[in-house]
A.B. asks: 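Please find one structure pasted underneath; my questions will follow.
Predicted, not measured: the structure shown is a model, and the values here were computed from it.
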Amino acid sequence: MKSVSKAALAAAVLLAAPYAMSAPAAAQKKQKEEAPKIKVSDAFRKAAIEVETLLNAKDYAGAAAKIDAVDALAANDDEKFYIANFRLQIAVGTKDNPATIRALDALIANPKTDPANLAQYNYFRGDLTVGQKKPAEAIPFLIKARDLGYVTNGTNLNLLIAQAQLDSGQLDAGVASIDAAIKGEEAAGRKAPETWYKFAVDRLYRGGKKAAASEWLGRQLGAYPSAQGWRAALLIYMEQTREKGVAMDADLQLDVFRLMRAAKAMGGEADYIELADLAQRRGLPWEAKAVIEEGRAAGKIQATNTAANELHRSAVTREKAEGPLSAEEKGASAAANGTAAKNLGDAYLGSRNYPKAVELYRLALQKGGVDANLVNTRLGIALAMQGQKAEAKAAFQAVTAAPRGEIARFWTTWVDQAPAA
């Protein structure tokens, strides 16, 4: 995060005093009339003018040598305010951050400090404390600055708060602050940088909050849809899911790679071969064959690739042996449960007969005895692939159990981005 500008801090402190100690009598009289009554003793005023004169000449060492003696004369809040202001100017001028923090604390606590300056003082106090690697201590000051309406120059305050919260172990609060930063950009008619979404996703995954991370991945893709983004997000999702000990069986992987294919996010030949292999292992030679041929046509699979050629040969052989799928519909309709209808729906989905897939999946759900989360996922895919967006999103919404619920959310994001059929 960008640190506070020392020049900005120096400019701010010079505006803090109600009037200059060394101002001419006439000017002091006018300032007194315009400002709250200031109570300083003659002895304090005389000593303070010496320090002020040195500060105006930027003789910070000279001012520092005299400030303790002046401090000893300070007997009320007005005089203590001047001392704190002088100390702040000396600390900023000598780049002494610990002394700057002490002076800011004194100004923040002093009732004579102009309320208009409290927002920036709290911000500077928090930012300097972040620089000292004390994020938990910085948070209250940064939040106070935000609550007082402080507007930063070149740094997003919500994001700075988020960084401090995350660095101090406050994961939920930190992500909420990132969310506030994004919404603030949107309210201002701007688009938040993609790195903000990635930051939230990374911290949530590292914190073990898989569902929230998946939701943020969906938001990232919703804001920044791209083939590269889709591929990266889905691969990261699968990797992180496995690292958290969640089994990614062939059916789960198949539906993730189907989304990668639908989003035109397939990478090199490894992606095509993996998807074709998954389809083949699930008894879907139509899909395995189509994937290999698509990879070849896109120039992603070389004609000499032995694994791809063997998958294609096997898929062609099995496709010929399957016979017409329509012959199995009567048996699926007469079955006691929905297993046969679900399997036939899978076959129709793999062969890209989406209307028939929808029909069979709905029959499977009606009959029961099937994994409703899996069937609703595939029903949503079939509906999405034929452009029935509202129906597809309703099917995906019915997928509730993890990890399929997360996959369904990814598909829903893609449906929202896909052009109308």
Side-chain angles (χ1 to χ4, degrees), residues 1-21 35-36 38 40 44 48 51-52 54-56 58-61 63-68 70-165 167-168:
M1 297 294 176
K2 183 178 178 182
S3 181
V4 63
S5 164
K6 298 301 185 293
L9 181 53
V13 302
L14 292 173
L15 299 175
Y19 62 88
M21 282 288 178
I38 302 300
V40 296
F44 179 87
V51 173
E52 184 183 61
L54 292 167
L55 287 172
N56 289 339
K58 301 190 184 311
D59 183 356
Y60 301 113
K66 292 180 175 291
I67 190 65
D68 287 342
V70 183
D71 196 350
L73 298 172
N76 59 41
D77 288 334
D78 294 301
E79 293 168 344
K80 290 175 183 178
F81 167 80
Y82 277 104
I83 293 298
N85 187 266
F86 289 158
R87 288 193 183 278
L88 183 58
Q89 293 182 58
I90 292 168
V92 172
T94 58
K95 298 181 173 60
D96 185 342
N97 284 351
T100 300
I101 287 174
R102 291 192 296 272
L104 285 170
D105 283 341
L107 283 168
I108 290 170
N110 194 300
K112 296 298 182 176
T113 296
D114 186 347
N117 288 331
L118 286 175
Q120 61 187 340
Y121 287 165
N122 275 278
Y123 172 71
F124 295 143
R125 174 61 164 88
D127 186 78
L128 289 169
T129 307
V130 167
Q132 291 185 323
K133 309 298 182 186
K134 297 178 181 178
E137 182 182 321
I139 292 168
F141 294 100
L142 295 174
I143 290 176
K144 184 67 174 178
R146 182 184 64 188
D147 293 346
L148 290 172
Y150 187 71
V151 178
T152 58
N153 181 20
T155 302
N156 186 288
L157 183 50
N158 277 314
L159 212 60
L160 186 61
I161 292 170
Q163 180 75 69
Q165 289 168 327
D167 287 347
S168 59

A.B. asks: Can you tell me how far the CG atom of Leu54 sits from the CD atom of Gln89, to the nearest 0.5 Å?
C.D. replies: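 It is 11.5 Å, given to the nearest 0.5 Å.
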A.B. asks: Would you say Leu104 and Leu128 make side-chain contact, with heavy atoms under 4.5 Å?
C.D. replies: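 Yes - at least one pair of side-chain heavy atoms lies under 4.5 Å apart.
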A.B. asks: Any side-chain to backbone donor/acceptor pair from Glu79 onto Ala75? Under 3.5 Å, distance only.
C.D. replies: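 Side chain of Glu79 to backbone of Ala75, a donor-acceptor pair under 3.5 Å: yes, one is there.
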A.B. asks: Please round to the nearest 0.5 Å and tell me the distance separating atom OG1 of Thr129 and atom CG of Leu142.
C.D. replies: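 One gets 8.0 Å once the value is rounded to the nearest 0.5 Å.
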A.B. asks: Of all residues at least two apart in sequence or in a different chain, which pass the side chain to side chain contact (heavy atoms under 4.5 Å, CB included) check with Ala64?
C.D. replies: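 In terms of side chain to side chain contact (heavy atoms under 4.5 Å, CB included), with neighbours along the sequence ignored, Ala64 is linked to Ile90.
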A.B. asks: When rounded to the nearest 0.5 angstrom, what distance separates CG in Asn76 from OH in Tyr82?
C.D. replies: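 Taking CG in Asn76 and OH in Tyr82, the distance rounds to 10.5 Å.
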A.B. asks: So, Lys80 and Asp71, do they make that salt bridge, N to O below 4.0 Å?
C.D. replies: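 No, no charged N to carboxylate O under 4.0 Å.
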A.B. asks: Between Asp68 and Arg87, is any pair of side-chain heavy atoms under 4.5 Å apart?
C.D. replies: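 Result yes, sub-4.5 Å side-chain heavy-atom pair found.
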A.B. asks: Which heavy atom in Ala103 sits nearest to a heavy atom in Ala84, and how many Å separate them?
C.D. replies: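 In terms of heavy atoms, the two residues are closest at CB-O, 3.8 Å.
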A.B. asks: Given the rule in the side-chain contact (heavy atoms from CB on, under 4.5 Å) test, do Asn156 and Leu160 qualify, once you have shown the distances and angles that lead to the verdict?
C.D. replies: CA-CA 6 Å; Asn156 186 288; Leu160 186 61; over 6 Å; no
A.B. asks: Taking salt bridge (charged side-chain N to carboxylate O under 4.0 Å, His left out) as the test, write out the residues that go with Asp167, two or more places apart.
C.D. replies: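 Scan of Asp167 (salt bridge (charged side-chain N to carboxylate O under 4.0 Å, His left out), adjacent residues dropped) gives Arg203.
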A.B. asks: Can you find a pair of side-chain heavy atoms, one from Gln165 and one from Ile143, that are under 4.5 Å apart?
C.D. replies: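 In short, these two side chains touch, coming nearer than 4.5 Å.
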A.B. asks: With rounding to the nearest 0.5 Å, note down the distance linking CG in Asp105 to OG1 in Thr100.
C.D. replies: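 Here the interatomic distance stands at 11.0 Å.
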A.B. asks: Under a 4.5 Å cut-off applied to non-hydrogen side-chain atoms, are Phe124 and Ile101 in contact?
C.D. replies: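 Not in contact.
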A.B. asks: Taking only residues two or more places apart in sequence or in another chain, which ones pass salt bridge (charged side-chain N to carboxylate O under 4.0 Å, His left out) with Lys66?
C.D. replies: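 Per chain and number, Lys66 pairs via salt bridge (charged side-chain N to carboxylate O under 4.0 Å, His left out) with Glu50.
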A.B. asks: Please collect all salt bridge (Lys or Arg N to Asp or Glu O under 4.0 Å) contacts where either partner lies in residues 136-165, sequence neighbours excluded, each pair once.
C.D. replies: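 Listed once each, the pairs are Arg125-Glu137.
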A.B. asks: I'd like to know if the side chain of Thr113 and the backbone of Ile108 have a donor-acceptor N/O pair within less than 3.5 Å.
C.D. replies: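 Checking the backbone N and O of Ile108 against the side chain of Thr113, no donor-acceptor pair under 3.5 Å is found.
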A.B. asks: At what distance, to the nearest 0.5 angstrom, does CD1 of Ile139 lie from CD1 of Ile161?
C.D. replies: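 One finds 8.5 Å between CD1 of Ile139 and CD1 of Ile161.
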A.B. asks: Measuring from atom CG of Leu88 to atom CD1 of Ile83, what distance do you get when rounded to the nearest 0.5 angstrom?
C.D. replies: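 Answer rounded to 0.5 Å: 12.5 Å.
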A.B. asks: Could you walk me through whether Asn158 and Gln163 satisfy the side-chain contact (heavy atoms from CB on, under 4.5 Å) test, starting with their C-alpha distance in whole Å, then the side-chain angles of each, then the deciding distance to 0.1 Å, before giving a yes or no?
C.D. replies: CA-CA 9 Å; Asn158 277 314; Gln163 180 75 69; over 6 Å; no
A.B. asks: For Ala145, give me all partners under side chain to side chain contact (heavy atoms under 4.5 Å, CB included), at least two apart in sequence or on another chain.
C.D. replies: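 Result, side chain to side chain contact (heavy atoms under 4.5 Å, CB included) vs Ala145: Asn122, Tyr123, Tyr150, Leu157.
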A.B. asks: Salt-bridge test for Asp78 and Lys112: reply yes if a basic N is under 4.0 Å from a carboxylate O, no otherwise.
C.D. replies: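 Judged by the 4.0 Å cut-off on N to carboxylate O distance, Asp78 and Lys112 do form a salt bridge.
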A.B. asks: Which heavy atom of Ala63 sits nearest a heavy atom of Val51, and at what distance?
C.D. replies: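 Here Ala63 and Val51 meet closest at CB-CG1, 4.1 Å.
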A.B. asks: Could you list the residues that satisfy side chain to side chain contact (heavy atoms under 4.5 Å, CB included) with Pro98, not counting sequence neighbours?
C.D. replies: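 If we apply the side chain to side chain contact (heavy atoms under 4.5 Å, CB included) test to Pro98, skipping adjacent residues, the hits are Asp96, Arg102, Gln132.
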A.B. asks: Closest heavy-atom contact between Pro135 and Ala164?
C.D. replies: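 Nearest pair, atom of Pro135 first, then Ala164: CB-O, 3.3 Å.
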A.B. asks: Could you list all the salt bridge (Lys or Arg N to Asp or Glu O under 4.0 Å) pairs where at least one residue sits in residues 148-161, not counting sequence neighbours?
C.D. replies: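 For residues 148-161: none.
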